[in-house]
Each structure stands twice: as C-alpha cells, then as structure tokens.
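What you see below is based on every heavy atom in this structure, not just the backbone, and it leaves out hydrogens, waters and symmetry mates. Keep in mind that this is a model prediction, so the values were computed, not measured.
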Amino acid sequence: MVYERIQPGVFLSRTNRFLAEVDLGGRIERCHVKNTGRCKELLRRGAPVFVQAAENPDRKTKYDLISVRKREQVVNIDSQAPNRLFAEWVQNGNLFHTVTKLRPECKYGSSRFDFYLEADGRNIFAEVKGVTLEKRGTALFPDAPTERGVRHLRELCDCVQDGFDAYVVFVIQMQGVRLFRPNYATHPQFGAALAKAAAAGVHIFALDCTVTPDSIAIRHEIPIDLFPPLVKRKD
C-alpha cells in the first residue's frame with residue numbers, strides 16, 4: 001500500500017480526536033487525524049510525523065496525518081490501512097489457498113464484521129484490528145477500553161458455534177515487535193474475551209508490517225501471548 005503526496009512535519013498538538021496541528025516547514029497546518037484512538041505515546045509535541053496532501057484542494061483540512069516516527073521506526077496510524085492490507089494479503093494467496101468470495105462489512109447478529117470470506121470450502125467471518133501501541137518490543141491492543149471489541153469477540157464465538165470459521169487478525173502497523181499481547185492493563189475484559197475466543201476455536205493471528213513514510217505492507221506473523229503478565233500458566 002503506497003501513499004502519494006507525503007510530506008514531513010513536526011507534531012505540535014491534538015486539538016480533538018480528529019484534528020492536529022502540525023508544523024510543515026515553519027507553516028502551521030490543521031491536519032485530519034486518521035485514527036480516533038488515543039495514540040498518546042506517539043503524538044507527542046515535537047515528534048516527527050508524515051502527512052499526506054489531500055487530493056481535493058478545497059477540503060477544510062488540506063492534509064491527513066498518516067504516520068509518526070518513534071525512535072528508529074515509523075508507525076503508521078491510518079486506521080483505514082489494516083483492512084486494506086488484510087484484503088490485499090488474503091487475495092495474494094496468504095492464509096488461504098483459494099478465495100472465492102471476499103466481502104467487506106458483513107452483518108452477523110448485532111455485529112458488523114470487517115469481512116465475510118468463502119475460501120478453501122469454508123465460510124468465514126474475520127475481524128481486523130489495527131495496532132499502534134508498543135511497549136518494550138511487545139505490541140498491545142487496545143490502547144483504550146473497547147466494549148465494541150469485546151462484543152465482536154463474543155459474537156465470533158457464536159459464529160463458531162453456528163458452524164462458521166472465525167478469525168481475529170491484529171495488523172501491527174510497525175516493524176520490530178517481538179510479541180503481541182492483549183492490553184490487560186487498559187482493558188482486562190478484552191484480554192479475557194480474546195483468550196476465551198481462542199479456546200472456543202476462533203483463529204487469532206498477529207501480523208507485523210514493513211512501514212516507510214509513504215508505504216506499508218504486511219511482513220509476517222509474530223507470536224501471540226494471550227495470558228496476562230505475571231500469571232503462572234498451568235502445564
């Protein structure tokens with residue numbers, strides 16, 4: 001996935017969930033933030049960022065905030081990217097041998113899952129989560145409590161009981177992490193629901209990405225630890 005019209009800048013402040021002020025070569029611009037998550041560990045005053053000029057010159061905000069440099073790596077914060085990346089990745093022959101249907105935004109029960117697939121003779125629901133939070137080499141999700149995410153996990157378990165296959169795919173929008181773990185410190189209920197979903201037969205994948213200021217691509221699968229920290233596991 002490649003972005004055109006990318007420019008470097010310096011993050012100044014986030015005025016609300018959707019807007020940020022960025023210094024573009026001495027000119028302060030209000031930019032649309034393509035991520036409603038907190039991103040507090042990324043969007044710090046003085047952080048190097050990369051913005052995309054809008055195609056429509058008459059738009060109220062002329063730029064979208066796409067990515068942030070954190071230490072030596074670039075972190076993509078475009079919340080629309082994970083679904084596009086997953087769709088491309090699956091259509092390129094990853095995860096399944098033969099995909100005959102890939103339909104986005106499909107309703108099941110009271111949830112609307114990101115994808116419904118028919119692949120390798122199976123009927124599948126998939127939910128994709130973008131991950132931008134990293135601590136000491138571990139990717140964590142969520143960065144804020146998400147009751148919607150918990151509900152999705154419960155209804156994916158219902159899908160399995162009804163004879164469907166179900167997947168949760170965490171697309172980690174950076175490279176260099178060693179492990180994925182649910183963020184028990186922020187939302188223990190999500191971690192418990194994810195572990196329960198795995199036990200119920202929901203397939204869980206975590207995929208890291210190669211990220212540059214103007215591109216992002218899924219790289220490979222990374223290990224997952226569903227247990228809360230400091231809890232001893234029974235052999």
* Using modelled atom types only, decide if a donor and an acceptor are shared between the side chain of T100 and the backbone of A119 within a distance under 3.5 Å. => no
* Are V10 and L24 connected in the hydrophobic side-chain network, where two residues link if heavy atoms are under 4.5 Å apart? -> no
* Report the distance from atom OG1 of T61 to atom CZ of R30, rounding to the nearest 0.5 Å. => 8.5 Å
* Decide side-chain contact (heavy atoms from CB on, under 4.5 Å) for Y63 and Q7; before the verdict, give the C-alpha distance in whole Å, the side-chain angles of both, and the deciding distance to 0.1 Å. => CA-CA 9 Å; Y63 297 90; Q7 299 179 31; 3.5 Å; yes
* Asked: Do F113 and H152 have their ring centres less than 6.0 Å from each other?
  -> yes
* Asked: Is L153 linked to F180 within one hydrophobic cluster, defined over Ile, Leu, Val, Met, Phe, Trp and Tyr using a side-chain heavy-atom separation of less than 4.5 Å?
  -> yes
* Point-to-point distance, once rounded to the nearest 0.5 Å, from CD1 of I216 to CD of Q175 -> 10.5 Å
* Is R181 reaching over with its side chain to a backbone N or O of L140, donor-acceptor style, under 3.5 angstrom? -> no
* To do: Quick one: pull up CG in L65 and CZ in F11 and give me the separation to the nearest 0.5 Å.
  => 7.5 Å
* To do: Just say parallel, tilted or perpendicular for the rings of F125 and Y116, cut-offs at 30° and 60°.
  => tilted
* Structure fact -> All heavy atoms of D158 vs all of Y108, minimum pair found to be O-OH, 3.8 Å
* Verdict with supporting geometry, N76 and C209, side-chain contact (heavy atoms from CB on, under 4.5 Å) -> CA-CA 9 Å; N76 181 290; C209 292; over 6 Å; no
* To do: Check Q173 against P82 and note the closest heavy-atom contact, atom names and distance.
  => OE1-CG, 3.5 Å
* To do: Without swapping roles, check the side chain of E155 against the backbone of S111 for a donor-acceptor pair under 3.5 Å.
  => yes
* To do: Indicate yes or no for a side-chain donor-acceptor contact from D208 to the backbone of H220 under 3.5 Å, with no hydrogens or angles considered.
  => yes
* To do: Measure from the ring center of F205 to the ring center of F170 and say whether it is less than 6.0 Å.
  => no
* Going from CG on L194 to NE2 on H187, what distance comes out if it is rounded to the nearest 0.5 angstrom? -> 12.0 Å
* Asked: Going only through I, L, V, M, F, W and Y residues with side-chain contacts under 4.5 Å, is there a path from V131 to I224?
  -> yes
* Reported CG-to-SG distance for the pair D162 and C157, which is rounded to 0.5 angstrom -> 11.5 Å
* Asked: With ring centroids as reference points, do Y184 and F190 lie under 6.0 angstrom apart?
  -> no
* Asked: Between E134 and K70, is the closest basic N to carboxylate O distance under 4.0 Å?
  -> yes
* For the atom pair CG (L42) and CZ (R44), what is the distance rounded to the nearest 0.5 Å? -> 8.5 Å
* To do: Please report the C-alpha distance between R151 and R148 in whole Å, then the side-chain angles of each, then the deciding distance to 0.1 Å, and finally whether the side-chain contact (heavy atoms from CB on, under 4.5 Å) criterion is met.
  => CA-CA 5 Å; R151 187 182 76 247; R148 180 173 178 265; 3.9 Å; yes
* **Exceeds 12 heavy-atom contacts within 6.0 angstrom, atom CD of E105** => yes
* Asked: So, D120 side chain and R122 main chain: donor-acceptor pair closer than 3.5 Å or not?
  -> no
* Asked: Got a donor-acceptor contact below 3.5 angstrom from the Q52 side chain to the E4 backbone?
  -> yes
* Asked: Hey, does the side chain of N35 reach the backbone of S79 with a donor-acceptor pair shorter than 3.5 angstrom?
  -> no
* **Any donor-acceptor pair under 3.5 Å from R14 side chain to R38 backbone** => yes
* Are side-chain N/O atoms of D64 and Y3 paired as donor and acceptor at under 3.5 Å? -> no
* Non-hydrogen side-chain atoms of F141 and T132 separated by less than 4.5 Å -> no
* Please check if atom NZ in K62 has more than 12 non-hydrogen atoms from other residues, nucleotides or ligands closer than 6.0 Å. => no
* Side-chain donor/acceptor of T138 to backbone N/O of L179, under 3.5 Å -> no
